[in-house]
Every structure is written in structure tokens, then in C-alpha cells.
Chemist: 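Pasting a structure below so you can have a look.
Position 1 is the first residue of the sequence, and the numbers go up from there.
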Amino acid sequence: MADRVVLAYSGGLDTSVGIGWLRDATGKDVVALAVDVGQGGEDLEAIRQRALDCGAVESIVVDAKDEYADEYIAPALKANALYQKRYPLVSALSRPLIAKHLALTAKQLGADSVAHGCTGKGNDQVRFEAAVAAIAPDLTTVAPVRDLALTRDAAIAYAEQHGLPIQQSSSSPYSIDQNVWGRAVETGFLEDPWNAPTEALYAYTQDPSLPQDADEVTITFEQGIPVALDGQRFSVLRIVQELNAVAGKHGVGRIDVVEDRLIGIKSREVYEAPAAIALIAAHEELESLTLERDVARYKRGVETEWADLVYDGLWFGGLKRSLDAFVDHTQQHVSGDVRLRLQGGRATVTGRRSEQSLYDFDLATYDTGDTFDQSVSKGFIELWSLPSKISARRDAAN
């Protein structure tokens with residue numbers, strides 16, 4: 001039905017108030033769509049009911065946790081994806097999945113438009129709209145908070161005026177987004193980059209300075225994908241959940257960064273991503289054992305480009321798909337085990353092994369039995385340094 005608009009619904013203030021705003025501004029009935037990407041917290045049935053109580057004609061909840069882990073987190077892990085070398089794309093990874101379900105639901109219902117609750121300052125507006133454009137270019141997108149310049153004060157006043165069932169106050173200190181891959185915290189006193197984070201803002205991790213014995217875990221990978229913990233096979237989702245618990249207990253994955261947003265401003269962000277940081281550390285170490293030197297070196301540049309594209313909302317773009325093909329090809333031999341020691345905020349690799357390993361003990365050892373012919377090194381060095389020698393002679397003559 002073209003007289004409907006499908007709203008990406010989180011259950012929070014902006015999207016709850018957005019139901020009424022959308023109805024008033026467009027004259028269309030609003031269908032609320034909540035996508036479960038492992039954000040935890042409030043029960044999604046309560047969120048579904050809240051959308052109806054706020055005026056939605058229909059409220060849909062999609063359980064996409066396994067889809068998120070298998071089709072979004074796993075590729076990000078294979079790419080060791082860290083934006084600006086630090087941020088494991090916590091929010092950026094979930095947006096194309098939510099946008100995909102948003103577009104597919106709109107097409108299924110015959111709606112001609114979708115909506116989100118993003119402001120004009122953030123990256124998510126780009127991610128949602130670029131993804132929808134790639135999946136369903138005939139759909140139009142409405143962003144009431146951005147397009148109508150609606151403020152948080154106005155949203156709170158609207159909710160109180162209409163008796164909407166939203167527990168939100170103007171004194172709420174943070175803006176929080178979370179899913180199974182991590183948690184993002186911003187605004188409030190964090191907007192001053194000189195202010196140190198307080199323990200109160202963390203939820204996925206404990207204080208890493210707390211005295212406690214280390215935990216060791218062994219992660220098994222098959223072609224770059226984690227498939228087992230300590231010898232017990234689990235789904236990707238379950239492995240991420242288990243590592244969030246054990247690595248989070250030791251404060252692994254706390255990230256405090258001033259980040260370059262796509263829309264041109266810098267933003268101070270605090271992230272918690274215990275499983276993400278632990279898994280990336282383990283995966284990179286297994287690659288060091290199984291990838292050729294030139295492949296590993298080239299892949300590092302691809303990883304940066306891959307992370308930038310996903311951060312910039314181009315998950316469904318052509319270049320990102322082409323880079324996926326390269327990354328997948330590099331992973332054909334990335335199988336084996338990595339042992340991690342978790343303590344004091346760090347995930348430290350203490351062992352790695354693989355049947356696909358390129359590490360040759362007989363070549364590497366300095367003890368008896370060494371099979372490396374050291375006599376060939378002299379000629380190699382002479383040839384390797386020959387361009388430098390010729391260049392140096394020229395420079396000395398000038």
C-alpha cells in the first residue's frame with residue numbers, strides 16, 4: 001500500500017515520537033520495523049508493543065542475529081576491519097542489514113517510502129539511505145528528525161503532550177547504540193575530548209584494572225571464520241557472545257577515539273567491543289602464519305579500504321563487493337587454532353598452529369638440523385642492494 005511508510009524502529013525516543021511525526025507530516029500510516037541484531041537490553045516484544053502504543057498500524061520484529069553474525073560480522077573479521085585502525089565498525093556493520101530488511105519489508109507491503117530516526121550530523125543517515133538506494137532505488141526515504149530539524153527537547157515535549165509510553169528524560173547523559181559486535185557511547189560530557197570516560201558508562205566490559213586471574217581461550221578458524229572455542233563447535237553468533245562475556249570480564253575492547261565522520265566533523269566516541277578486538281587479534285595472528293608475505297602486505301591496504309567503504313555506507317557498492325572477492329580468496333588457507341590470554345584489558349596471543357602453516361621449523365631453527373642454506377644469502381643481498389649502491393655512486397658524483 002503506497003499510503004504506508006516503513007520506519008526503522010529502535011524503541012527509543014526519536015523513533016517512537018517519529019511515528020506520530022511521520023503520520024502528521026506525510027499523512028501515511030506508519031509500519032514500525034525493529035531488527036534484532038543482538039542489542040540486548042529491552043525485550044523486543046515490549047518494543048513491538050510500544051510502537052503500536054505510539055500509533056503504528058503494524059509493528060514487525062525480525063530476529064536477524066545469526067544473519068548479522070554470518071553475513072556481516074564474519075566478512076568484517078576476515079577483513080580485520082578497523083576504521084582508523086581502531087574502530088571495529090560496531091554501528092556501521094548493522095546499518096546495511098537493517099536497511100535491507102527495511103527495503104524488503106516496504107516492497108513486500110507495497111509501500112513507496114521508508115524512514116529512519118537519524119539526525120543530520122551522523123553517519124547513519126548515509127548508511128541507511130545509501131543501502132536502501134542500492135537495494136530498492138524506487139523507494140523514497142524520509143528522515144523526520146533531520147528533515148524537520150526536530151530537537152530532543154521537542155521530542156520529549158511531544159511524547160509528554162501525547163502521553164507516549166517512553167521513559168526518557170532530558171537529563172539522559174549519553175547516546176548509545178549497541179549490538180552483539182559492540183557498543184557505542186557518545187554525547188554528554190564525552191563531547192569534550194579532554195574528559196576521561198567514567199566506569200558508569202561501560203556495560204559490556206569490566207574495569208581492566210580489577211585484580212583477577214587471566215583466562216585462556218583457544219579459537220579455531222576455518223577459512224577465516226571462527227568455528228569453535230576450546231574445541232567445542234559453535235555458530236559465529238555464539239562464539240561472539242561467549243567472547244563478549246569472557247573478554248569483557250577482563251576489560252578487553254575499550255576504545256576511546258576522536259573519529260572522522262563521513263559528513264565532515266570530528267566526533268569523540270567511546271566503544272566497547274570485547275569479542276571483536278579479541279577475534280581480530282586472533283585472526284590477524286593466524287594470517288601471519290598462513291599468508292604469503294606479499295599477500296599479507298597487500299591485504300593490509302585492502303583492509304583499510306574495506307573498512308572505509310563500510311564506514312561510509314557503501315556495503316552494497318561495487319568496489320566493496322570486489323574487495324570481498326579478494327579477501328575471500330586470501331582466506332582459503334586461514335584455518336587453525338589461536339590461543340589467547342585475556343587479562344588487564346588485553347587479548348594477547350600466546351600460541352598459534354595450523355596445518356596450512358607456512359612456518360617451516362627446519363628453515364627457521366638456529367639449532368642443529370637447520371636446512372636453510374646460508375651461503376645463498378650473500379648473493380641475494382648483493383642483488384637486493386645493487387640499485388641502492390648504483391644510486392649512491394651517482395649521488396656522490398654530483
Chemist: Sequence neighbours excluded, which residues qualify as salt bridge (charged side-chain N to carboxylate O under 4.0 Å, His left out) partners of Glu199?
Modeler: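 Salt bridge (charged side-chain N to carboxylate O under 4.0 Å, His left out) check on Glu199 returns Arg254.
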
Chemist: Which residues satisfy the side chain to side chain donor-acceptor pair (under 3.5 Å) test with Gln39, sequence neighbours excluded?
Modeler: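 Partners of Gln39 by the side chain to side chain donor-acceptor pair (under 3.5 Å) criterion come out as none, since no residue qualifies.
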
Chemist: Salt bridge (charged side-chain N to carboxylate O under 4.0 Å, His left out) with Asp230: which residues, sequence neighbours excluded?
Modeler: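 Asp230 satisfies salt bridge (charged side-chain N to carboxylate O under 4.0 Å, His left out) with no residue once adjacent residues are dropped.
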
Chemist: Which residues pass the side chain to side chain donor-acceptor pair (under 3.5 Å) test with Asp138, not counting sequence neighbours?
Modeler: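 Counting only residues at least two positions away or on another chain, Asp138 forms no side chain to side chain donor-acceptor pair (under 3.5 Å).
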
Chemist: State the CH2-OG distance between Trp21 and Ser16, to the nearest 0.5 angstrom.
Modeler: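 It is 10.5 Å, given to the nearest 0.5 Å.
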
Chemist: Test of understanding: with salt bridge (charged side-chain N to carboxylate O under 4.0 Å, His left out), list the residues that count as partners of Glu45, not counting sequence neighbours.
Modeler: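 Partners of Glu45 under the salt bridge (charged side-chain N to carboxylate O under 4.0 Å, His left out) test: Arg48.
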
Chemist: Could you name each residue pair satisfying salt bridge (Lys or Arg N to Asp or Glu O under 4.0 Å) that touches residues 235-250, not counting sequence neighbours?
Modeler: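 Of all non-adjacent pairs touching residues 235-250, those that pass salt bridge (Lys or Arg N to Asp or Glu O under 4.0 Å) are Asp215-Lys249, Arg238-Glu242.
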
Chemist: Can you name the residues that form a side chain to side chain donor-acceptor pair (under 3.5 Å) with Arg261, not counting sequence neighbours?
Modeler: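 Checked Arg261 against side chain to side chain donor-acceptor pair (under 3.5 Å); matches are Glu186, Ser267, Glu269.
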
Chemist: With distance as the sole test, does Glu272 use its side chain to make a donor-acceptor pair with the main-chain N or O of Ala203 at under 3.5 Å?
Modeler: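 Side chain of Glu272 to backbone of Ala203, a donor-acceptor pair under 3.5 Å: yes, one is there.
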
Chemist: For Thr105, which residues count as a side chain to side chain donor-acceptor pair (under 3.5 Å) partner, sequence neighbours excluded?
Modeler: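 Thr105 satisfies side chain to side chain donor-acceptor pair (under 3.5 Å) with no other residue.
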
Chemist: Please list all pairs passing the salt bridge (Lys or Arg N to Asp or Glu O under 4.0 Å) test where one or both residues lie in residues 302-318, with sequence neighbours left out.
Modeler: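 As it turns out, the salt bridge (Lys or Arg N to Asp or Glu O under 4.0 Å) pairs with a partner in residues 302-318, which skip direct neighbours, are Lys299-Glu303.
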
Chemist: Output yes when a side-chain donor or acceptor of Arg50 lies under 3.5 Å from a complementary backbone atom of Gly11, and no otherwise.
Modeler: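 Confirmed, Arg50 side chain pairs with Gly11 backbone.
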
Chemist: Report the residues that fulfil ring-ring contact (aromatic ring centres under 6.0 Å, His included) with Trp315, sequence neighbours left out, ordered by chain and then residue number.
Modeler: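 Testing Trp315 for ring-ring contact (aromatic ring centres under 6.0 Å, His included), a comparison that skips the adjacent residues, returns Tyr72, Trp306.
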
Chemist: Under the salt bridge (charged side-chain N to carboxylate O under 4.0 Å, His left out) rule, collect the residues that match up with Arg352, sequence neighbours excluded.
Modeler: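 If we apply the salt bridge (charged side-chain N to carboxylate O under 4.0 Å, His left out) test to Arg352, skipping adjacent residues, the hits are Glu285.
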
Chemist: With a 3.5 Å cut-off and no angle check, do the side chains of Glu292 and His333 form a donor-acceptor pair?
Modeler: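 No, no side-chain donor-acceptor contact under 3.5 Å.
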
Chemist: Can you list the steps and then say if Arg321 with Asp324 is a salt bridge (Lys or Arg N to Asp or Glu O under 4.0 Å)?
Modeler: CA-CA 5 Å; Arg321 292 198 302 270; Asp324 280 336; over 6 Å; no

Chemist: Salt bridge or not between Lys266 and Asp260? Use side-chain N to carboxylate O under 4.0 Å.
Modeler: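 Yes, this pair counts.
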
Chemist: Taking all heavy atoms of Ile47 and all of Ser10, pick out the closest pair and write down the distance.
Modeler: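 In terms of heavy atoms, the two residues are closest at CD1-O, 3.7 Å.
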
Chemist: Hydrophobic clusters join Ile, Leu, Val, Met, Phe, Trp and Tyr when side-chain heavy atoms are under 4.5 Å apart, directly or via other members; which others share one with Ile390?
Modeler: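 Once heavy-atom contacts under 4.5 Å are chained together, Ile390 belongs with Leu386.
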
